[in-house]
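Take a look at the structure set out below.
In what follows, every chain begins at residue 1, and chains take the letters A, B, ... in the order their sequences are listed.
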There are 2 protein chains.
Amino acid sequence: MLRVTCLSDLFVHLLTFMTNRASLQDIADQLGITKMTVSRYFRSPEKVAPATREKIAQAVKSAGYIHNRAPALMSKSLSHTIGVVIPSLSNQVFSALVDGIETITNSESFDILLAHSGYDPKVEERKIEMLLSYQVDGLILCETEHTDRTRTMLKQAGIPVVECMELPEAPIDMVVGLDHKAAAFNAVSRMIASNKQHIVYLAARLDRRTMLRQQGYEQAMWEAGLTPQTVATPFQSSFSQGMKLLQQALDTFDRVDGIFCTNDDLAVGAMQYCNNEGIRVPDDLAVMGYNGLDIGLTMQPKLTSVVTPRQAIGIKSARLLIDVINGKVPSDKLFDLGYSYTEGESLS
Amino acid sequence: MLRVTCLSDLFVHLLTFMTNRASLQDIADQLGITKMTVSRYFRSPEKVAPATREKIAQAVKSAGYIHNRAPALMSKSLSHTIGVVIPSLSNQVFSALVDGIETITNSESFDILLAHSGYDPKVEERKIEMLLSYQVDGLILCETEHTDRTRTMLKQAGIPVVECMELPEAPIDMVVGLDHKAAAFNAVSRMIASNKQHIVYLAARLDRRTMLRQQGYEQAMWEAGLTPQTVATPFQSSFSQGMKLLQQALDTFDRVDGIFCTNDDLAVGAMQYCNNEGIRVPDDLAVMGYNGLDIGLTMQPKLTSVVTPRQAIGIKSARLLIDVINGKVPSDKLFDLGYSYTEGESLS
DNA sequence: CGGTAAAATGTTACGTGTAACATGTTTGTC
DNA sequence: GACAAACATGTTACACGTAACATTTTACCG
């Protein structure tokens, strides 16, 4: 029952309704109860009498109350929110990762605050600072290169952090990923095993993961008594970069009978180039990609590619992070989730 | 100068430092000043004496203070944050859009809270509710289908909203986009003008934009006295879907001499299929894509595609939203930013 | 120096949901 | 109908950065 003792009270109510967003107090006033009961209605409805529950539900609906998490953020209790920083918003690798993360956060009633860094540690620093200012309970980062300030901030923030996708040399806290160098080594060894000798590494956007794959590639070549040869561009990788890099490789080196591409974008671009130029894959040129994206399987022949378990990495990362947030002690701080291959035909 | 009157004071300081994150008060106590001065150091440093500034800078650094926006969110003042909901995290269209948005937010010192809906209005509703709970000053949405509850919430939230990419029938507030039906009509008319008569529309993920393009396609066909024919799948579009849909079109219809694809993923998949099957583009089959992504230009022949000005849409959306947040009255509530074409060769 | 303007710093109050504890109310049992 | 237990609701205090206003300190000039 709305209790209005005088006209000015009503006026104040109307005014509040017009200008400010409704608060718990507004709902409570309207029903002649305290905001605590309304708060309980949201947090633990079973503790509110059914009749009251009904009244509140109606008042909440008519007032259009929207939860305000600001006060809760001020208390030291958990915000039930984790921050996720991905490098790019147009890469299936990270969208699958976030999908994995969300299967866990949804079932655990955690929220995600998402930010993207554009592969730039300075931007990552800024975004992490923003996420910390929202009092997130934990962070999932997809890169392992961080500014000094980022490392200091994270140390002082005192929240759990998962670095994922890769196994960093200097982990901040926990790690869920795979060994890109080992994967590259294995992939190139496969190419060599199928009698390719003049394998070139195609690389773009020279970040750490690209470098690690290069190391694996070079090790596999040296161990087989072959000479590693690389063409690289600092630009963002793309299909057209893949075409250009293959062209450049063929121009630069006497013989090329295989290419190991740092990702599927380059590999597909390169295969396009082969199609256009009449180079037969895999007879004239073996092609190995990295990531195992859908597009590789539409190629003729199908692209052979290293598959990274990105959804599983997302799931494991979120699981681990939330467990630690909830006070569990993890069995380990590092999880290597390995890799596999697409069933392609571009190798031999 | 650190003023510690007794040992227990020091102990409390240490304890605070160990367990809780440093607050403005902690910094102030350490320096024997009030937190207000420290707050000013962050908000308007020019109002703090240089000597004090120096001291605070040092204390802030050693304490590892990280700004906490929770209290500010409780005041009715602006949070200088806008929420952005995109449908997908692996689509160049939306990453370019966000890039555009960020050029503006960066220069205006606004932060972005990002969420993704997976093209699902129910998920969009949840994400919007979350963003509102963080007291964002405005919202940019990339879809025009919303649940009833979303519309109610947004009305009651009383913040400006920009719907972008499209021109909705029932706009919530402001709109920045383009007319997909008109673009499709124009694109198909071009195909007809280059003497194609049996043009099939290839569609996936049957959302509103897909439908609008279908309407434009059908209108163009009818007006030219031709019969529209569509093959569609409810699944997410992908390169392999493009292959399948073209195959299906060729199986289903007697003659097909052109395809209009709802996006470049399908178009590229379809062109792959042509490459694989020896269908000549554009002589046997004209192909028109939609979005103008990089990959289209690596094809042989280059894909002709409708280019949507997504970066410009992002810039305009953010500009408009922030202007309104800052109290300006916009000259208009709807901005149609048009479309253009890639210089492709897949048409004629 | 005196006095005023400007600069620097301080004081007070505020916003709002919730934990922890306290009080009031109903239910059920003998 | 008395009383304990369970249930429902209320009370109080708290978190912390900042706007608005108040006070103190410094700078400057005749």
To the nearest angstrom, the NZ-P distance between K47(B) and dC21(D) comes to 13 Å

From CG of L78(B) across to P of dT18(D) the rounded distance in Å is 14 Å

To the nearest angstrom, the CD1-P distance between I27(A) and dG10(D) comes to 15 Å

- Query: If only atom types and distance count, is the side chain of E163(A) paired as donor or acceptor with the main-chain N or O of I172(A) below 3.5 Å?
  - Reply: yes

Please classify the nucleic acid contact of T37(B) as base, sugar-phosphate, or nothing, using heavy-atom distances under 4.0 Å. sugar-phosphate

Scoring nucleotides 18-23 of chain C by protein non-hydrogen atoms under 4.0 Å (B base, S sugar-phosphate only, - none) yields BBB---

Given side chains that start at C-beta, do those of K76(B) and R21(A) come closer than 4.5 Å, heavy atoms only? no

Quick one: does S77(B)'s side chain have a donor or acceptor within less than 3.5 Å of a partner on S75(B)'s backbone?
no

Contacts of T52(B) and P71(B) projected onto DNA chain C by closest heavy atom; the upstream (5') one is T52(B)

Note: contacts of residues 130-137 of chain B with DNA chain C (heavy atom, under 4.0 Å) are none

Between CG of L73(A) and C1' of dG15(C) the distance, given in whole Å, is 13 Å

note: Q25(B), atom CD; dT11(C), atom P; distance rounded to Å ~ 11 Å

Does E125(A) form a salt bridge (charged side-chain N to carboxylate O under 4.0 Å, His left out) with K122(A)? I'd like the steps, not just the answer. CA-CA 5 Å; E125(A) 178 187 313; K122(A) 266 313 232 183; 3.7 Å; yes

Donor-acceptor check, side chain of R53(A) to backbone of P45(A), threshold 3.5 angstrom: yes or no? yes

What one should report as the nearest heavy-atom pair of Y134(A) and L73(A) is O-CD2, 3.7 Å

When you measure from the side chain of T105(A) to the backbone of I112(A), do you find a donor-acceptor pair of N or O atoms at a distance under 3.5 Å?
no

Test your reading of the model: is there a side-chain donor-acceptor pair from S88(A) to the backbone of S90(A), 3.5 Å cut-off?
yes

In terms of heavy-atom contacts, S117(B) and V123(B) come closest through O-CB, 3.4 Å

Computed from five pairs at either end and rounded to 10 degrees, the angle between the axes of the helix from dC1(C)-dG30(D) to dC30(C)-dG1(D) is 30°

query: Counting any heavy atom closer than 4.0 Å, what does I33(B) reach on the DNA or RNA strands: base, sugar-phosphate only, or nothing?
result: sugar-phosphate

Smallest heavy-atom separation, I104(A) atom then I315(A) atom, equals CG1-O, 3.6 Å

Which part of the nucleic acid, if any, lies within contact of Y41(B), taking any heavy atom under 4.0 Å across all strands shown: a base, the sugar-phosphate backbone alone, or nothing? nothing

Separation of dT18(D) atom P from N68(B) atom CG, nearest Å, is 9 Å

Here the distance between atom P of dC7(D) and atom CZ of R53(A), to the nearest Å, is 13 Å

Answer yes or no: does a side-chain N or O of Y65(B) lie under 4.0 Å from OP1 or OP2 of dG17(D)? yes

Practice prompt. For A49(A), report the nucleic acid contact type (base, sugar-phosphate, nothing); a contact means any heavy atom under 4.0 Å.
Written response: sugar-phosphate

Could you give me the CA-CA distance, side-chain angles and deciding distance for E143(B) and K127(B), then say whether salt bridge (charged side-chain N to carboxylate O under 4.0 Å, His left out) is met? CA-CA 13 Å; E143(B) 295 196 86; K127(B) 301 286 180 145; over 6 Å; no

Q.
What I'd like to find out is whether the side chain of D173(A) reaches to under 4.5 Å of the side chain of K333(A), using heavy atoms alone.
A. yes

Note: for T34(A) and M74(B) on DNA chain D, the residue whose nearest nucleotide lies more 5' is T34(A)

